[in-house]
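All values below come from the heavy atoms of this structure, side chains included, with hydrogens, waters and symmetry mates left out. Position 1 is the first residue of the sequence, and the numbers go up from there.
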Amino acid sequence: MKKYISWNVNGIRACCQKGFEESFRSLDADAFCIQESKMQEGQLKLDLPGYHQYWNYAKRKGYSGTAIFTREEPRSVVYGMGIEQHDQEGRMITLDMGDHFLITVYVPNSQEELKRLDYRMEWENDFRNYVSGLRKEKPVVICGDMNVAHKEIDIKNPSGNHHNPGFTDEERGKMTELLGAGFIDTFRLKYPELKDAYSWWSYRFKARERNAGWRIDYFLVSEELKDKVLDAKIHTDIFGSDHCPVELTLA
């Protein structure tokens with residue numbers, strides 16, 4: 001059995017001051033993936049005994065960034081997707097875990113007034129091609145902040161957010177395309193009708209207290225792994241970021 005965790009920590013240095021290492025130990029994952037580390041090499045030394053650490057830093061300081069901490073040493077590590085314009089922001093790491101690939105990803109935000117939506121669409125197409133290529137070799141597990149609430153059930157106020165970043169028809173359509181390429185949203189596989197299950201809340205308007213949230217953090221698996229999905233969880237009781245950790249257990 002494998003237990004994987006994914007968490008957008010919204011700045012790992014800040015999160016460490018809010019109990020990250022305690023949460024890390026209590027979750028006791030085989031691999032722990034983070035997004036939005038917001039740091040450069042040498043700015044933080046995480047003491048995680050028993051784990052191999054792999055970091056992908058953005059060129060821009062204090063921005064984006066991903067990491068994976070894994071007990072099992074991977075066969076290989078790939079940073080980015082091999083496309084220069086996408087690989088400047090530290091948004092992806094792929095580990096070859098032997099019988100499957102494990103990917104942490106921080107999908108670009110479309111930003112205010114959707115000024116980055118066109119780039120986001122290009123990124124989505126290239127990402128889908130990348131993971132589809134990997135899938136031809138072996139099964140794939142994708143986790144991370146995918147910056148989209150896919151269905152109306154995945155957001156507290158769908159009508160009020162319809163054209164906002166993360167809930168546009170275009171972004172939701174790209175998630176539909178990704179799932180259509182042979183991937184499964186593990187949380188909806190296990191809990192297809194569960195409402196009010198969110199992984200991100202704005203810091204404004206006491207959104208987390210009111211559970212006015214969005215489910216934008218995912219574990220996706222390629223269809224070959226469907227029968228190995230034992231459970232998917234959202235750890236709403238863990239604080240330290242505006243996101244909470246999400247979990248996948250595989251047989």
Side-chain angles (χ1 to χ4, degrees), residues 2-9 12 29-41 46 48 51-59 63-109 119-120 122-148 174-175 177-179 181-186 216-226 228-229 232 245-250:
K2 294 279 186 194
K3 178 179 176 180
Y4 290 159
I5 292 287
S6 176
W7 193 5
N8 179 321
V9 292
I12 185 65
D30 293 293
F32 198 113
C33 304
I34 67 168
Q35 304 84 42
E36 214 172 353
S37 57
K38 292 185 174 179
M39 61 168 271
Q40 307 302 120
E41 188 170 9
L46 267 184
L48 306 174
Y51 287 84
H52 304 275
Q53 299 188 30
Y54 303 96
W55 296 82
N56 192 4
Y57 306 103
K59 292 245 168 50
Y63 180 73
S64 189
T66 49
I68 303 181
F69 317 126
T70 172
R71 286 187 173 124
E72 180 185 340
E73 187 171 6
R75 292 183 179 183
S76 65
V77 184
V78 174
Y79 299 98
M81 64 173 95
I83 298 174
E84 188 174 351
Q85 68 163 329
H86 298 323
D87 292 348
Q88 307 299 305
E89 297 179 354
R91 293 186 177 274
M92 276 179 61
I93 303 172
T94 304
L95 302 188
D96 182 344
M97 303 306 294
D99 59 354
H100 65 278
F101 291 106
L102 174 62
I103 298 173
T104 183
V105 62
Y106 178 40
V107 173
N109 190 303
Y119 171 72
R120 164 81 176 259
E122 190 178 342
W123 195 98
E124 292 271 9
N125 290 337
D126 290 336
F127 178 73
R128 188 177 63 255
N129 289 337
Y130 174 81
V131 296
S132 295
L134 291 181
R135 186 183 169 218
K136 291 175 182 175
E137 188 176 336
K138 66 180 75 175
V140 181
V141 176
I142 302 167
C143 70
D145 176 0
M146 306 196 76
N147 260 317
V148 62
K174 289 301 179 189
M175 176 60 88
E177 285 184 50
L178 179 57
L179 298 177
F183 292 88
I184 295 165
D185 176 350
T186 58
I216 60 176
D217 300 271
Y218 296 80
F219 268 99
L220 309 180
V221 299
S222 53
E223 287 175 354
E224 311 85 69
L225 293 173
K226 180 178 181 179
K228 292 194 169 188
V229 176
V246 296
E247 176 182 322
L248 172 67
T249 311
L250 285 176

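- Under a 3.5 Å cut-off, the side chain of Asp87 and the backbone N or O of Gly82 do form a donor-acceptor pair.
- Checked by atom type and distance alone, the side chain of Thr66 pairs as donor or acceptor with a backbone atom of Gly90 at under 3.5 Å.
- A donor-acceptor contact shorter than 3.5 Å is absent between the side chain of Glu137 and the backbone of Gly133.
- With values rounded to the nearest 0.5 angstrom, Tyr54 atom OH is found 13.0 Å from Thr94 atom OG1.
- Pairing each heavy atom of Pro139 with each of Ser222, the nearest pair is CA-OG, 3.3 Å.
- In this structure, the separation between CD1 on Ile103 and CD1 on Ile142 is 5.0 Å, given to the nearest 0.5 Å.
- Using a cutoff of 4.0 Å between basic side-chain nitrogens and carboxylate oxygens, Glu177 and Lys174 are scored as salt-bridged.
- Taking the side chain as every heavy atom from C-beta outward, His86 and Phe127 never approach each other to under 4.5 Å.
- Judged purely by distance below 3.5 Å, without hydrogens or angles, the side chains of Thr104 and Gln35 pair a donor atom with an acceptor atom.
- Salt-bridge check for Lys138 with Glu224: failed, with every basic side-chain N at 4.0 Å or more from each acidic carboxylate O.
- Minimum heavy-atom separation, Ser37 to Val9: CA-CG2, 4.3 Å.
- Checked by atom type, the side-chain pair Tyr106/Arg91 shows no donor-acceptor distance below 3.5 Å.
- Contact detail for Gln53 and Leu46: the closest heavy-atom pair is NE2-O, 2.8 Å.
- Listed for the Asn147 side chain is a donor-acceptor partner under 3.5 Å among the backbone atoms of Val107.
- Of the possible donor and acceptor atoms, one in the side chain of Arg120 sits under 3.5 Å from a partner among the backbone N and O of Pro108.
- With hydrogens and angles ignored, the 3.5 Å screen pairs no side-chain donor or acceptor of Lys59 with any backbone N or O of Glu89.
- At a cut-off of 3.5 Å, with distance as the only test, no side-chain donor of Thr70 or Glu72 sits close to an acceptor on the other residue.
- Comment: Asp30 does not engage Lys2 in a salt bridge, judged by the lack of any side-chain N to carboxylate O separation of less than 4.0 angstrom.
- A donor-acceptor pair under 3.5 Å is absent between the side-chain atoms of Ser64 and the main chain of Ala58, judged by distance alone.
- Considering all non-hydrogen atoms of both residues, Gly80 and Tyr130 come closest at O-OH, 3.9 Å.
- Between Met39 and Tyr57, the shortest heavy-atom contact is O-CD2, 3.1 Å.
- For Lys228, the NZ atom is loosely surrounded, since the number of other residues' heavy atoms within 6.0 Å does not exceed 12.
- Taking CG from Asp96 and CG from Leu134, the interatomic distance works out to 9.0 Å, rounded to the nearest 0.5 Å.
- Shown here is Glu84, whose CD atom has no more than 12 heavy atoms of other residues, nucleotides or ligands within 6.0 Å.
- No side-chain donor-acceptor contact under 3.5 Å links Tyr51 to the backbone of Phe32.
- With values rounded to the nearest 0.5 angstrom, Met175 atom CE is found 10.5 Å from Ile216 atom CD1.
- Ring orientation note: the planes of Phe219 and Tyr4 are close to parallel, at an angle under 30° on the 30°/60° scale.
- The two residues Val131 and Val140 make their nearest non-hydrogen contact at O-CG2, 4.1 Å.
- For an aromatic pair to be called close, the ring centres must be under 6.0 Å apart, and Phe69 with Trp55 satisfies this.
- In summary, Arg128 and Glu124 do not engage in a salt bridge, as defined by a charged side-chain N under 4.0 Å from a carboxylate O.
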